[in-house]
Amino acid sequence: MKIHNVTCRLGPTSATLVTNDESVLTYLSDFYTLTGDASAIDEWLVEAIVGPADDSMDTNAWGVSYSSNPIARRLRLRSTDPGNLAITARKAVREALVDYCEQRRYAMLHASAVVDDQRVIIVVGDKGSGKTTLGLKAALFHGMRYLSNDHLIVYPEPAAGTDALASRLALTSLPTPIPLKVGTFLDLQHRLPAPWDTEGLDIDAHRAIPREQLYKLDQRVLYTFAGLGQDSPIQASLTDASTGPAVLVVLASYTNGTPTEATEVADPIDALMAHVRSDWMFDPTLNQRYLPRHERQSAEYEADAQRLVTALAERAAVFRWDHRGDPAPLLNHPALKVRQP
């Protein structure tokens with residue numbers, strides 16, 4: 001049986017994947033950019049093998065056995081079910097990115113983000129605020145790169161030539177599925193490929209429902225970044241404010257009425273702190289720990305989040321905006337005036 005040995009690109013880092021099953025590679029290629037044979041010795045190696053486990057391994061809720069060696073930075077996965085093995089491997093590979101960011105004391109925001117070479121637009125909001133709609137349309141219609149859908153990671157980045165953590169920030173995101181509400185899907189279906197997963201939803205049965213009623217439904221289909229033609233995860237570096245990129249942060253709310261003009265937020269730090277995600281960090285059902293790593297306590301995470309949100313607010317223009325799902329006003333916002341290199 002052929003053994004496949006590839007690198008999974010994870011924005012600022014990478015992980016090595018070894019598997020004996022083509023279907024595992026096919027599944028992971030929906031979430032990660034896979035390249036050639038892996039050779040780096042300082043990255044995590046995830047060995048996902050279809051086959052029986054041994055007595056030294058623990059088993060997760062999906063019947064996949066696992067054991068790790070933190071010194072060798074190696075995780076072994078075993079299962080006779082290739083589907084469950086692939087899902088577990090996807091989450092384990094994702095942990096390599098979480099490990100990298102945890103070493104840099106990251107924080108996570110409920111936010112979508114799109115970028116190009118000169119602009120970064122971060123849309124912050126809770127469920128139903130239109131983050132996915134704005135991010136997806138910015139990518140589909142305006143050529144932006146889709147960096148985050150709902151798991152925006154912010155971490156400090158050392159300034160060039162130094163070891164100290166400066167006010168320079170970096171952004172990346174978890175490469176998770178992208179849930180798209182059925183109303184938005186039907187609006188954009190002419191520009192979209194087939195969904196990655198419909199979750200059993202009968203799409204045709206929804207076509208005759210009036211749009212305003214349809215938008216209130218929480219039923220959805222799933223996409224992946226790769227399925228939308230977007231690399232994921234990617235990294236964006238926020239250098240000093242004088243050299244760019246220009247950064248706009250919008251606290252968004254979807255409205256059925258008339259869109260408002262974006263208004264500057266008087267206390268951006270408190271406004272953004274309300275959208276820091278602690279569920280991902282501390283809920284073990286969301287944040288699996290197949291790879292052993294040190295993790296902060298909640299008080300440490302809160303303090304680090306406060307520092308990072310403060311640095312982001314100082315680096316960005318922060319506005320509040322009620323919208324109808326069109327990102328064009330953000331892309332043309334005066335705060336994003338293109339800076340000369």
Side-chain angles (χ1 to χ4, degrees), residues 8 10-13 15 31-32 44 46 58-62 64 66-70 73 75 77 84 87-113 122-129 131-132 147-157 165 169-179 218 220 222 225 232-233 235 249 251 268-313:
C8 301
L10 301 172
T13 187
F31 292 90
Y32 307 111
W44 277 99
V46 177
D58 294 318
T59 302
N60 68 13
W62 299 274
V64 178
Y66 62 95
S67 66
S68 62
N69 183 333
R73 296 177 69 81
L75 174 71
L77 302 175
N84 286 336
I87 294 170
T88 302
R90 170 175 68 84
K91 295 180 178 181
V93 167
R94 184 174 68 190
E95 277 196 84
L97 175 60
V98 176
D99 180 45
Y100 176 93
C101 295
E102 176 60 21
Q103 292 178 40
R104 288 151 182 82
R105 304 179 75 89
Y106 77 97
M108 183 184 290
L109 290 169
H110 276 287
S112 66
I122 300 170
V123 183
V124 179
D126 293 326
K127 184 177 180 180
S129 61
K131 300 187 300 298
T132 297
L147 185 148
S148 171
N149 183 61
D150 193 33
H151 301 79
L152 182 67
I153 291 171
V154 185
Y155 63 89
E157 192 175 47
L165 293 179
L169 300 175
L171 308 175
T172 192
S173 180
L174 293 181
T176 58
I178 300 170
D218 198 32
R220 62 190 193 171
L222 298 180
F225 287 90
S232 175
Q235 179 187 18
V249 178
L251 290 105
I269 296 171
D270 279 355
L272 292 176
M273 282 299 296
H275 296 280
V276 170
R277 294 193 67 153
S278 58
D279 59 339
W280 170 262
M281 184 71 178
F282 299 107
D283 184 344
T285 62
L286 296 176
N287 184 7
Q288 287 88 12
R289 292 169 177 80
Y290 299 113
L291 307 185
R293 61 182 185 270
H294 170 74
E295 289 191 322
R296 291 160 289 170
Q297 299 299 310
S298 59
E300 295 178 275
Y301 178 76
E302 183 79 12
D304 290 331
Q306 182 82 30
R307 285 190 289 271
L308 288 167
V309 163
T310 299
L312 179 61

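Numbers here simply count residues along the sequence, with the first being 1. Computed from a predicted structure; not experimentally measured.
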Open item on the list: So Ile122 and Leu312, do their side chains get closer than 4.5 Å, heavy atoms only?
Closed with: yes
Task: Under 3.5 Å: donor-acceptor pair, side chain of Glu102, backbone of Arg296 - done: yes
Open item on the list: Could you check whether any side-chain heavy atom of His110 comes within less than 4.5 Å of a side-chain heavy atom of His151, counting everything from C-beta outward?
Closed with: no
- [ ] Provide the closest heavy-atom pair for Val276 versus Ala305 in the form atom of the first, atom of the second, distance.
- [x] CG1-CB, 3.9 Å
Task: Side chain to side chain, Arg105 and Pro156, heavy atoms closer than 4.5 Å - done: no
- [ ] Establish, from distance only, whether the side-chain atoms of Ser112 and Asn149 form a donor-acceptor pair under 3.5 Å.
- [x] no
Task: Pairing of Arg104 and Glu157 as salt bridge, 4.0 angstrom limit - done: no
Task: Side-chain donor or acceptor of Ser129 paired with backbone N/O of Asp126 under 3.5 Å - done: yes
Task: Flag, side chain of Tyr32 to backbone of Arg90, donor-acceptor distance under 3.5 Å - done: yes
- [ ] Report yes if the distance between the aromatic ring centroids of Tyr301 and Phe282 is under 6.0 Å, otherwise no.
- [x] yes
Open item on the list: For a quick check under 3.5 Å, do Ser67 and Asp58 share a side-chain donor-acceptor pair by atom type?
Closed with: no
- [ ] Could you pull out the closest heavy-atom pair between Ala96 and Leu291, with the gap in Å?
- [x] N-CD1, 3.7 Å
Task: Side-chain heavy-atom pair Phe31, Ser232 within 4.5 angstrom cut-off - done: no
Open item on the list: Using a 3.5 Å distance criterion without hydrogens, assess whether the side chain of Glu300 forms a donor-acceptor pair with backbone atoms of Gln297.
Closed with: yes
Task: Donor-acceptor contact present, side-chain Lys131 to main-chain Val123, <3.5 Å - done: no
Task: Student check: side-chain heavy atoms of Val98 and Tyr106 closer than 4.5 Å - done: yes
Task: Gap between atom CD1 of Ile269 and atom CE of Met273 - 0.5 Å precision - done: 9.5 Å
Open item on the list: Could you walk me through whether Thr59 and Val64 satisfy the side chain to side chain contact (heavy atoms under 4.5 Å, CB included) test, starting with their C-alpha distance in whole Å, then the side-chain angles of each, then the deciding distance to 0.1 Å, before giving a yes or no?
Closed with: CA-CA 5 Å; Thr59 302; Val64 178; 6.0 Å; no
Task: Reported CD1-to-OH distance for the pair Ile153 and Tyr100, which is rounded to 0.5 angstrom - done: 11.5 Å
TODO: Find the distance between CG (Asn60) and CG (Asn84) and round it off to the nearest 0.5 Å.
DONE: 7.5 Å
Task: Closest heavy-atom pair and its distance - Leu75, Ser68 - done: CD1-CB, 3.9 Å
Open item on the list: Do Leu97 and Thr13 have side chains that approach each other closer than 4.5 Å (heavy atoms only, starting at C-beta)?
Closed with: yes
Open item on the list: If I compare all heavy atoms of Thr132 with all of Pro179, which pair ends up nearest, and what's the gap?
Closed with: CG2-O, 3.7 Å
Task: Exercise: do Tyr155 and Gln235 side chains pair donor with acceptor under 3.5 Å - done: yes
Task: Nearest non-hydrogen partners of Pro12 and Thr172, listed with the distance - done: CD-OG1, 4.0 Å
Open item on the list: Under the criterion side chain to side chain contact (heavy atoms under 4.5 Å, CB included), I'd like the reasoning laid out for His294 against Gln103: C-alpha separation, chi angles, the key distance, then a yes or no.
Closed with: CA-CA 8 Å; His294 170 74; Gln103 292 178 40; over 6 Å; no
- [ ] Please report the closest heavy-atom contact between Thr310 and Gln306, naming both atoms and the distance.
- [x] OG1-O, 2.7 Å
Task: Check: Leu174 and Met108 side chains under 4.5 Å, non-hydrogen atoms - done: yes
TODO: State whether Asp99 and Arg73 are salt-bridged, where the test is any N-O pair (Lys NZ or Arg NE/NH1/NH2 against Asp/Glu carboxylate O) under 4.0 Å.
DONE: yes
Task: Salt-bridge criterion met for Arg277 and Asp150 (N-O under 4.0 Å) - done: yes
TODO: Without swapping roles, check the side chain of Ser148 against the backbone of Ala111 for a donor-acceptor pair under 3.5 Å.
DONE: yes
Task: Thr176 and Ile178, any side-chain heavy atoms less than 4.5 Å apart - done: no
